[in-house]
Participant: 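Following this message is one structure expressed as structure tokens.
Here is how names work: the chains are called A, B, and so on, in the same order as the sequence lines, proteins then strands, and each is numbered from 1. Computation of the quantities below employed the complete heavy-atom set of this structure, encompassing side-chain atoms and omitting hydrogens, waters and symmetry-equivalent molecules.
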Number of protein chains: 2
Amino acid sequence: MSIIFSKKCEYGLQAVLYLSSTTTQPVVSAEEIAKTLYIPKEFVSKILQELTTSGIVASKKGKNGGFTLNKALSEIRLIDIVAAIDGFDIFNKCVMGFPNCSSESPCPVHGRWSVLSKETYTMLSEETLEDFLAKTKHKIQSIQK
Amino acid sequence: MSIIFSKKCEYGLQAVLYLSSTTTQPVVSAEEIAKTLYIPKEFVSKILQELTTSGIVASKKGKNGGFTLNKALSEIRLIDIVAAIDGFDIFNKCVMGFPNCSSESPCPVHGRWSVLSKETYTMLSEETLEDFLAKTKHKIQSIQK
DNA sequence: GACATATCGGATAAATGATTCTGATTAATA
DNA sequence: TATTAATCAGAATCATTTATCCGATATGTC
Ligand code: SF4
Ligand code: SF4
């Protein structure tokens, strides 16, 4: 099972990070992404279609087609991908799933959890793919081995 | 969709917190728990059976039967319930689901995520049901209205 | 002892999420 | 223009999680 993101979202994040590391190529085929990241090809293709709809990714049909990022690296944050795939539920709903939740009737972990929730949001929104580039390339290379 | 715990685990946590707030009663029936927390009766009953196996809860069969905690409040932590139901996967696996993960090939959020993961663990393990009691009672009452 | 009421335990059903398949469309190239 | 390689779009399948059902068993009460 996945931790906080759906598998779809995990794969989406991975694929977008991969695209950010391959800016020398005009487009990257779904097959290449699938093989490098060990994701089912059809699945990653479907996810990138969705991200195309939300404007983060662009696709090129036909021979030598594939996917590429549709914005500058400095304009894409991880939270944008999460928003497009899983939405913001994880930041609104709450850990223990109690009914009728509000800050007037907090459960025992309310205070601590809301801090962690905010910090998670920050982690995903403070930096852009550009800031991550060096780390991303290193990570991708260590997978390819 | 739930955030980090499975629904089973969310319900388990809620039910145990409820039991911790009803220590005046010798046992509490699955039906009472289900009604107060808006959980399907058969489901909460099944979950409490599992927690009985792991020794956190005790059950009493027959007429006027039900469930009760099997340890002192000071000896039960939320992490114990999580461990019994969902296990420790959320603390070992990682957010983005990359293959071949290790601290030698960290993804861009590795550093920040491991801090948040540790803090979540702390949140669930530092205090016991006894420490929570006042807050728990208040929370339960606000649901019952 | 008979009866009512509860959990137990296993089987089953429904719902959701993940994955695959298929046919159509698009575009480069020879 | 014919061929080939790729995405697109949506249906179909598979797996897992969530929820329900039911017969068996235990226990308190009359
Ligand atoms: S009280 Fe707050 S932290 Fe607790 S379950 Fe509700 S919303 Fe979540
Ligand atoms: S590098 Fe670390 S934080 Fe990133 S996906 Fe792997 S284990 Fe998780």
Participant: Please state whether the rings of B:Tyr121 and B:Phe88 are parallel, tilted or perpendicular, taking 30° and 60° as the class boundaries.
Facilitator: tilted
Participant: Salt-bridge test for B:Arg77 and B:Glu126: reply yes if a basic N is under 4.0 Å from a carboxylate O, no otherwise.
Facilitator: no
Participant: Want to settle it: does A:Phe43 or A:Gly62 sit nearer the 5' end of DNA chain C, counting the closest nucleotide to each?
Facilitator: A:Phe43
Participant: What's the CD1-C1' distance between B:Ile47 and D:dT20, to the nearest Å?
Facilitator: 13 Å
Participant: Rounded to whole Å, please give me the gap between NZ in B:Lys46 and C1' in C:dC8.
Facilitator: 8 Å
Participant: Please confirm whether any donor atom in the side chain of B:Lys61 sits under 3.5 Å from an acceptor in the base of D:dG28, or the reverse.
Facilitator: no
Participant: D:dT7 P sits how many Å from A:Glu31 CD, rounded?
Facilitator: 8 Å
Participant: With a 4.0 Å cutoff (strictly under), does any side-chain N or O of B:Lys60 reach OP1 or OP2 of D:dG28?
Facilitator: yes
Participant: Mind calculating the distance between NZ (A:Lys8) and C1' (D:dT16) to the nearest angstrom?
Facilitator: 16 Å
Participant: Ignoring the backbone of B:Lys63, work out which of C:dT7, D:dA5, D:dT27 is nearest its side chain.
Facilitator: D:dT27
Participant: Using atom CD of A:Gln49 as one end and atom P of C:dT19 as the other, report the distance to the nearest whole Å.
Facilitator: 16 Å
Participant: Whole angstroms only, please: what is the NZ-P distance between A:Lys7 and C:dT20?
Facilitator: 11 Å
Participant: Are any of the side-chain nitrogens in B:Lys135 or B:Glu127 under 4.0 Å away from the carboxylate oxygens of its partner?
Facilitator: no
Participant: Could you state the CD-P distance from A:Glu50 to C:dA18, rounded to the nearest angstrom?
Facilitator: 11 Å
Participant: With a 4.0 Å cut-off on heavy atoms, is A:Ser45 in touch with a base, just the backbone sugar-phosphate, or nothing at all?
Facilitator: nothing
Participant: Indicate yes or no: does A:Lys35 engage A:Glu31 in a salt bridge with an N to O separation below 4.0 Å.
Facilitator: yes
Participant: In whole angstroms, how far is the C1' atom of C:dG17 from the CD atom of A:Glu42?
Facilitator: 18 Å
Participant: Under 4.0 Å: is that the gap between some side-chain N or O of A:Tyr11 and OP1 or OP2 of C:dA18?
Facilitator: no
